[in-house]
Every structure is written in structure tokens, then in C-alpha cells.
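Hydrogens, waters and symmetry mates play no part in the numbers below; they use all other heavy atoms, side chains included. By convention in this document, chain letters (A, B, ...) are assigned in the order of the sequence lines, proteins followed by strands, and residues within each chain are numbered from 1.
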Amino acid sequence: MPLIQLSHIHHTYAENARPVNALRGVSLDIEAGEFVAIVGPSGSGKSTLLNIIGTLESPSQGEYRFDGQSVAEMSGRERAQLRASRIGFVFQNFNLIDHLTVFENIRLGLRYRRDHLKNENERILSAMDKVGLAHRADHLPRELSGGQQQRCAIARAIVGDPQIVLADEPTGSLDSQNAAQVLGILAELNSRGTTLVIVTHAPRQADRAGRVVEMHDGRIHLSTRRLA
Amino acid sequence: MRQAQRDFGYVLRSVTRRWGVYALMIAGTGLALTLTLIVGLFIRSELSFDRFIGDSDRVYLVSALYGLENKPLVPSDITPAGVARWMRSDIPEARQVARLLPVEWAFSTPRRIARERFFWADSNLFEVLDLPAVAGDLKTALSEPGSVVLTQRMARAYFGDQNALGRTLTTRDNQRLRVTAILKDFPSNTHLDRELFVSGHSAYSVLSLHDANPSYLWGICYTYVKMAPGVRPETVAPTLSRLTHQNWQGPNNIPVSYELIALKDLHLHERGDLQMKARGHVDTLAALSLVAAVILSIACANYAGLVLAETDERGAEMALLSALGAGRAQLLATVLRESLIVHLISLLVALALTERLLPYLNHSLNLDLKLWTSPLSLIAIMALITTALAVLSALLPAIIVTAPSAVRRARMRTRPPQRWQGWIITQFTLVISLLIAAQVVSRQWDYALYNAPGFDGDHLYIVPRNDNPWINRAFLNEIEQMDGVAGVAEAFGAPTSNFVRPALVKGKDGRVLSFTRNSVSPDFFDVYGIKLSAGRGLGGTFSEIIAPRDVLINETAVRALGFASAQKALGQTLEYETDRTHMRSRIIGVVPDIRFSTVHYAVPPMMFDGFDRFFTHFSIRVKPQGEAETLRQIDQVWLRHTGGTEPIARQAFRDYLTSQYHDLYQQVAVSRLVAAAAIVLSALGLMGLCVFLTRHQSRELAIRKALGAHFGDLLRQRLRPFWLPLLIANIAAWPLAGFVLQKWLGTFAAHVPLTPLPFVLASLATSACAGGAILLHAVWSNRSVGTSLLRQDD
């Protein structure tokens with residue numbers, strides 16, 4: 001059974017009181033452990049699709065199942081818990097909280113889980129170690145470089161061992177060296193079994209994915225799998 | 001002009017673009033200005049009491065002070081009739097002296113018949129009280145017996161639209177009074193409580209009776225004196241005391257000394273017994289001024305806070321203007337001009353709101369405040385206040401938003417909640433303090449009205465007796481038989497005054513104590529529902545001026561006399577001086593402490609006897625079932641026995657008591673109004689703060705939401721900046737409010753205890769209000785906390 005099952009997803013939102021059809025009948029299955037890259041021009045619906053997969057937004061129509069369970073039938077609290085324990089997010093602009101230290105920002109990844117994990121501190125230190133930020137624990141985000149900030153965001157996303165990591169343009173704000181480093185960390189994560197979905201403009205990043213989903217005007221235009 | 005037009009247009013565009021923020025600014029500032037206006041009008045009215053009377057600064061009311069020397073004296077507004085005679089003959093500095101003697105009679109014309117409160121007045125009254133007239137010659141208007149002067153309002157009531165001058169009013173005894181002058185209607189801010197003045201030369205007037213009998217020296221009239229220019233009243237009072245001792249022939253309740261109170265100061269002078277109208281208090285005005293200043297400060301800070309909430313946006317705008325060549329001074333002027341325009345709009349809102357609110361306020365507080373009595377000075381003062389407010393509100397934000405961007409960023413680097421904590425603490429401290437104050441003032445009000453008298457005042461009515469004893473007897477006999485009447489008693493003074501007749505009692509240790517001597521019918525205590533503490537009640541009444549055989553005393557008297565208990569006082573002999581007679585009576589009973597005066601005075605030692613010659617009031621206890629019908633029947637019985645010439649002057653005890661607490665009632669109403677306004681203002685400020693914090697926190701909240709936080713988690717996150725300030729505000733507000741209220745309660749001789757309950761309730765209510773406002777805003781803005789902030793592009 002696929003981890004993510006999207007069937008005929010439509011999503012409409014209002015912009016300046018006018019309806020915008022961001023998604024028009026998207027159907028997509030993502031297996032556990034897959035590395036999927038979603039590509040397409042601006043306004044094609046990539047980020048909306050990612051947000052729906054992350055349960056940050058609810059589709060206007062269609063059915064979304066996460067690990068076989070209908071997301072529409074979940075309460076707001078259950079969806080929040082799903083995000084807290086099974087989904088990790090990485091954003092282009094890092095979205096770290098300015099007044100929290102690196103350690104505290106990463107701890108936020110565990111903060112809202114109901115199934116409190118043991119050895120929280122060890123997990124946080126381990127996540128920091130994985131992204132090479134162990135020496136920056138007490139620093140504030142503004143004291144870090146862009147690449148370090150994104151690595152901190154990745155540590156926050158993976159600290160709770162999520163089943164899936166959703167990354168929205170994770171290297172969009174980075175120089176090529178930092179971008180390669182971040183992408184390397186994400187690929188490494190996927191190689192250990194974590195499902196990875198990234199939205200990207202960069203063909204090189206998409207090339208590293210097992211499957212490339214190309215979107216255009218709210219629809220999946222093309223879905224191609226790379227042979228292993 | 002063109003610049004002003006451009007600014008106004010610019011502000012209007014800003015208003016439409018950020019209408020929510022500007023609505024909060026205008027609502028908060030408008031409300032604060034409204035309250036300031038109302039407080040200002042009230043203070044103006046209080047300070048201009050009796051100013052419509054000419055020469056009000058050199059016309060004085062003679063106040064007599066009664067009691068024992070070297071003891072706290074009880075001031076009384078009334079003096080013996082002889083005081084005026086002595087002043088006229090022996091104090092040349094007193095240019096004119098005139099008296100008013102308050103009475104209540106029935107008057108009739110073909111158009112109207114009513115029981116009316118009026119004054120017997122000396123013929124030279126209007127040379128002392130220079131009242132404006134619309135018809136007739138006031139100099140001679142009261143010279144002739146049977147002449148009457150009335151106000152336009154009374155003239156309309158009795159004669160309609162006809163010219164009242166020269167027409168006649170008929171009294172209950174068929175005496176005909178001729179209208180000789182008509183006065184302009186009095187404003188509400190005067191101490192005069194009646195609008196009919198009848199010549200005291202009339203043979204049937206009480207003034208004539210007293211002037212004909214110089215030994216009649218009990219306090220009955222208000223004495224006014226117009227002093228020669230430059231004469232200080234303090235120099236006259238000792239002479240008057242000496243004259244009193246020289247001429248005294250009356251009973252032993254001789255005034256110890258006198259005080260002359262200028263009419264312009266009378267309303268705010270310390271309390272006196274038997275004042276015509278309940279007075280105001282200078283402390284109330286000071287408290288109101290302070291509260292108005294505090295409310296303006298809140299509005300000022302709220303405005304500043306909201307401008308600061310816009311700092312990022314305004315900072316960018318200022319940077320752009322700066323890049324286009326604007327200097328710092330020009331940038332500052334832009335922000336200040338905008339503030340001025342917003343405040344002027346708020347002033348218009350305030351004027352409109354005040355106009356709408358005043359009728360309700362006048363009705364509920366028995367006031368007659370008018371907004372436009374002197375429009376130019378009003379507009380000038382309000383424009384001045386508004387301009388000052390506009391500058392003060394905008395100065396700090398203007399300095400910050402017009403600062404070079406690096407400086408601004410440094411100033412704004414502190415986390416928003418920390419930056420705002422001082423202000424949140426101040427707001428909460430004020431709201432908690434005002435809520436505590438409003439509760440304590442309300443409790444004191446309830447205590448004064450319901451607990452302090454010491455008896456059940458519900459369904460109790462007071463009716464002044466008729467001058468004809470046969471009518472009184474017949475009325476009493478008939479209403480006692482009514483099914484709806486639970487009991488009827490008679491008394492001298494009680495329950496409308498504590499200080500009717502002093503009695504000087506010799507204590508066990510030889511000390512002389514001042515008691516009040518109350519004369520009541522035997523069933524008085526039953527009617528008032530008072531159970532004796534010890535002994536038995538009075539067996540009957542007597543009419544001769546002799547020593548009462550039996551008396552009752554109150555518990556304060558038991559303590560003052562040094563008895564160990566009420567029981568120990570029974571059977572003891574009470575020796576005292578009253579009515580120029582040394583008397584000895586036996587104590588047969590003790591009653592609990594009951595109060596016939598306001599809580600401003602302590603319960604004095606009291607004695608009760610059955611001397612019925614001067615009974616003044618009936619006290620009627622009515623059964624609650626069918627009360628209205630019983631009252632109607634009582635009124636009919638009265639009318640029948642008085643031959644239809646004199647309507648009954650019935651008053652519910654509660655109404656009487658309420659009228660005695662005019663100043664306290666105003667304080668209750670004002671404290672509630674101010675507390676409500678402060679809460680609304682603080683809520684507006686809090687909402688502004690929520691908007692500001694949400695704007696600054698929205699990205700953080702969106703991140704937390706993405707990481708699995710649900711609504712409750714986000715709400716806790718929103719509430720977090722407020723808990724610590726709330727706690728600190730409580731720590732600050734409790735002792736502050738406790739200190740002020742303890743001082744305030746200390747101005748009463750009897751008051752409620754300051755318990756922790758109002759403090760706890762105020763804190764809970766403030767927490768609930770703050771939590772509620774934040775919750776509401778959280779629910780309202782929850783949808784906006786989301787993904788759009790996190791996404792970059794589609």
C-alpha cells in the first residue's frame with residue numbers, strides 16, 4: 001500500500017476575492033522510501049500539492065490517504081499529530097524561529113508529539129551531528145550562514161524520525177556549495193529509508209530523485225521514474 | 001491649506017487601507033475624549049454651584065456647630081431664628097441678613113392642587129440672594145404679608161401660559177397668596193431645593209411666630225448674610241458665638257460655635273446636618289480628574305502602540321521619503337500631522353458620542369450637564385487637549401519610525417512581547433485596580449443602603465404628620481385597620497435625622513456625654529423590625545414637658561455609660577439635661593445600634609422616650625402583597641381626612657435614604673462607568689497588541705503549526721506573553737488598590753471591611769477578559785496562520 005495516495009485532488013483558494021484553481025484533479029501515489037521530485041513552472045501548483053501532502057491545507061475535492069488512512073476523516077488535532085510524529089518539513093527560507101537557539105529550534109521538532117520520545121536530548125544532539133551543527137547548539141539563527149540555517153531546519157525535520165520529509169525548494173536560497181551539501185544530507189536521509197518529496201526548479205536536483213513529477217497549470221503533466 | 005488637504009487625503013487613504021488599525025485608534029481615542037468631556041462637564045457643573053446668584057462670593061450661609069466643647073462638633077446648616085436678629089442689631093459688617101424656613105403645604109389654583117415644598121422668607125431675602133427675576137420687583141416683592149415669589153416653572157405649573165404676576169395661590173387654610181414676582185428658573189447646580197418663597201411677614205408664618213417669641217430658639221431656618229466688601233467671615237463667627245451666649249433663652253441645645261460658608265464654596269464644603277441638597281465632595285472631583293488623566297494616558301499609549309505596531313511598514317515608507325530628500329524634521333512632521341488628523345476625527349466622534357450620552361447620564365445621575373453652554377471655550381479647551389494628546393501620542397513612535405533604518409532596527413531588536421511588557425503591566429494594573437474599586441464602592445453603596453440602617457427598610461414609608469392633631473389621629477386609626485398595613489408608628493425626627501435633640505448625660509465617672517434624644521411611639525421598634533437587646537419597650541406616650549419615667553438606650557450608649565452589658569444597664573437611672581430641665585429616667589430596655597443618618601457619621605449614643613408632643617412623622621410598614629393597592633388606599637384616606645386640600649407627602653424609606661447618598665451614588669455610578677471605559681480601552685489596546693503580536697508571531701505560529709502544533713498549542717503560544725505581566729500587574733494592583741480604598745473607606749464612620757474577594761474577582765475577571773480577547777482574536781485569525789507564510793512560490 002502506498003504511503004501517500006492522492007486521488008482526483010482539486011484545490012481552489014480565493015485571491016483578491018477571485019477563485020484560483022491551484023490543483024485540478026491531481027492523482028499521485030508515493031511509496032514508502034521513494035524520493036520524488038516535483039517540478040514545474042511558478043504557479044503550477046507544486047507548493048500547494050506539497051502542503052496538501054503535509055496536511056497543512058485540505059483539498060477542496062478528492063481523496064487523500066496517508067498510510068491507508070483518510071486524512072479528511074481526521075480531526076484537526078489528529079492531523080496536527082500526524083505532522084508532529086510522521087512528517088518533517090524543510091522550507092526554502094528555512095523558517096527558523098529567530099529568538100530560539102539552534103538547539104531549541106531543533107527541539108521544536110519533538111515539542112508537539114504526544115508519544116513523548118525517550119532520550120530527547122540525545123536525539124537532538126544526534127540530529128545536530130548528522131547535519132554538522134553540533135558546535136552551533138547555542139547560536140541564534142541570525143548568527144548562522146544560510147547553509148547552516150537550512151541544515152538546522154533539516155535537523156529539526158528529522159529529529160523525530162518522520163516517515164516522510166517534504167522539502168519546498170530546500171536549496172533555493174543557497175549558493176551551489178551549500179545547496180550540494182544540503183541535497184547530500186537529504187539524499188542520505190532517503191537512502192536510510194525516509195520517504196522524500198522535494199519541490200524544486202533545479203533539474204540537477206530532480207535528477208537525483210527516483211521519480212520526477214512534472215506539474216503544469218495544476219495538473220500532473222508527466223511522471224517519470226528513473227531506473228535504478 | 002493645500003498641505004493640510006494633502007495630509008488629510010493621505011490619512012484618509014491610510015485609513016481605508018489599514019481600516020482595522022485606524023478604527024482601533026479612533027475608537028480608543030474617541031472614547032477617552034468622550035470620558036474626559038463628560039468628566040470636564042461634571043467638574044465644571046460642580047465648581048459653578050450657585051454661581052448664578054449675584055455676589056455669591058460675599059454671601060454666606062451661617063452654619064451652627066452643635067455638641068460638647070473639645071469634642072468633635074456636628075455642623076448643621078440650620079440655625080435658630082434669633083441668629084439673624086442678633087446679627088442685624090449687633091454685627092454691622094453684616095450688611096444684610098435673611099432667613100429661609102423650609103415648610104411643606106398644599107397649594108391650589110383652578111389649574112393645579114399639590115403639596116408643595118416652599119420657604120417662609122424674610123422680606124429682604126432678594127437683597128441677600130441676588131436671584132435673576134423675569135417679572136416684578138424683587139426688592140419689595142416679599143414686603144407685604146401674603147405675597148409669594150415663584151419661578152417660571154412653578155408659575156407655568158399653577159397658571160399655565162397666563163401671566164402669573166398678580167394672580168393668587170390658595171393655601172390649605174384658604175389663605176390667599178398674591179404672586180408679586182417671578183424668578184428665572186434655577187439651574188440644577190444650586191443648593192436651593194424649593195422654588196416658592198412666601199413672605200415671612202404673613203401672620204401665620206412660622207418666622208413671625210418665632211420673631212414674636214424670642215425664647216423660641218430651636219434651630220429651624222437657613223440664615224444667609226451678605227457681608228460688607230473685604231470682611232473676613234472668620235472674624236464674625238466669634239462675635240456671633242458671644243451674642244448667642246448673651247441672648248440665649250431657649251433649651252440647652254445651644255450652638256457651640258458658628259461657621260460662615262460662602263455660597264460659592266457651599267456645595268463642596270464638608271458635610272453638614274440638614275443640608276437642603278446633598279453636597280458634592282472635592283475628593284470626588286480630584287479622583288475624577290485623576291481618572292480622566294489616566295484614561296487619556298491609556299489612549300495615548302494605545303495610539304503609540306498601534307503606530308509602533310506598524311513600524312516595519314512605516315519605517316520602509318519613511319526610508320523611501322528620506323531617499324527622496326525628506327529631512328528628519330519633515331518626516332517627524334508627517335507623522336505628527338497624521339496623528340493630529342486622527343485625533344481631530346476622534347474629537348468629532350467624542351463630541352457626537354457625548355451629545356448622545358448626556359441625556360442618559362443626566363437622567364441616571366440626576367444631573368443637568370449641557371455640552372454647548374459656552375461653545376467657544378469648550379472647543380478651545382478640547383482642541384488644546386486634543387492637540388496635546390496628538391503630539392504626546394505620536395512623539396515616541398515618530399522618533400522611532402523616522403530614525404535611520406539601522407537605529408530603528410536596533411531599537412526594535414527586542415522581542416515584541418518583551419518590548420510591550422511594561423505597557424501590558426500598566427494596562428492590567430489599571431484595569432484590576434479599577435475593577436477592585438468598582439466592587440468596593442458598590443459594596444459600600446449596598447452596605448449604606450441595606451445594612452447600615454440596622455433595620456429592614458423595604459416596604460417602609462415615611463409620611464410627615466399634618467399640623468392638625470385630629471386629622472393625624474383619624475388617619476392613624478384608619479390605616480392601622482387596613483389589611484395591607486403591617487404596622488404604623490410615630491416619631492419625632494426619626495428616621496430622617498440623628499441630631500434632632502441633644503441630651504447631655506452624666507456618665508458613671510461624672511463625664512458629660514452627648515446623647516441624641518429620640519421620641520417614638522411604643523410600637524416604633526416593632527414597625528421597624530428591631531428586636532430589643534435587653535429589657536422591654538416603652539409602655540405609652542406622654543405630652544407634658546416632664547422627665548420621662550422610662551427610657552430605652554442603644555448599645556453605643558451602654559458602652560459610653562460604661563455598663564458591662566445591656567442587661568447591666570437595665571433598671572439604672574439616667575441623669576441628663578434637656579429642654580432646660582434636669583431629668584432622671586429609668587432605663588427599661590436596650591435596642592441594637594440603629595442608624596438614622598448616613599454612614600458618614602458614627603451611630604451616636606441614643607435614648608428613646610415616649611414624648612409625643614412634637615411627633616413629626618408616621619412610619620408605615622406595608623405588606624408586600626398588594627403593596628401598590630395599599631398605598632393607593634393610604635393616599636385616599638389621607639386626602640379624605642384633609643378634605644382633599646392636601647395631598648399626602650409619602651416617601652419610601654429607600655428613596656429617602658438614596659437621596660441622602662447623592663455623593664456616594666455619583667461615586668458608584670462614576671466608578672462603574674470609568675471601570676467599564678478603562679476595560680473597553682484596555683481591551684482595544686489589547687486587541688491592538690494582539691494584532692501586532694500576531695503580525696510578528698504569524699510566521700512563528702505557522703512554523704509551529706507545520707511542526708504539529710494544534711489550535712490549543714498555538715493559543716498557549718499567543719497567551720504566553722501575557723501571563724507574566726498579568727501576574728506582575730496583580731502584585732502591583734492589589735496593594736495599590738488596597739491602600740487607596742482603605743483611605744477612601746476611612747472617610748466613612750461605618751464601612752464594609754476590605755476583604756480579599758473583590759481583589760480575587762478583579763484578577764479573575766481581568767484574566768478572563770484578557771484570555772477571552774486573545775482567544776477571540778486567535779479564533780478569528782487562526783485561518784490566516786498557515787502555509788501561505790511558509791511557501792515561496794507555486
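- Contact annotation: the side chain of B/His710 never approaches that of A/Gln81 to less than 4.5 Å [non-hydrogen atoms, C-beta and beyond].
- Atom CD1 of A/Ile97 sits about 7.5 Å away from atom CG of B/Leu707, to the nearest 0.5 Å.
- Scanning all heavy atoms of the two residues, the minimum distance from A/Phe91 to B/Ala706 falls at CZ-CB, 4.0 Å.
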Without placing hydrogens or testing angles, list every side-chain donor-acceptor pair under 3.5 Å for residues 152-159 of chain A, not counting sequence neighbours.
| from | atom 1 | to | atom 2 | distance (Å) |
| --- | --- | --- | --- | --- |
| A/Arg156 | NH1 | A/Asn95 | O | 2.8 |
| A/Arg156 | NH2 | A/Phe94 | O | 3.4 |
| A/Arg156 | NH2 | A/Asn95 | O | 3.1 |

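- Contacts of A/Arg111 with chain B are made by side-chain atoms alone, with heavy-atom separations under 4.5 Å and no backbone atom involved.
- Of the two parts of A/Leu110, neither the backbone nor the side chain holds a non-hydrogen atom closer than 4.5 Å to a non-hydrogen atom of chain B.
- Remark: A/Arg123 engages A/Asp161 in a side chain to side chain donor-acceptor pair (under 3.5 Å) (not counting sequence neighbours).
- Contact count against chain B (heavy-atom pairs under 4.5 Å) is highest for A/Ala80 among A/Gly109, A/Ala80, A/Pro162.
- One finds the CZ atom of B/Arg704 at 4.5 Å from the CG atom of A/Leu108 (value rounded to the nearest 0.5 Å).
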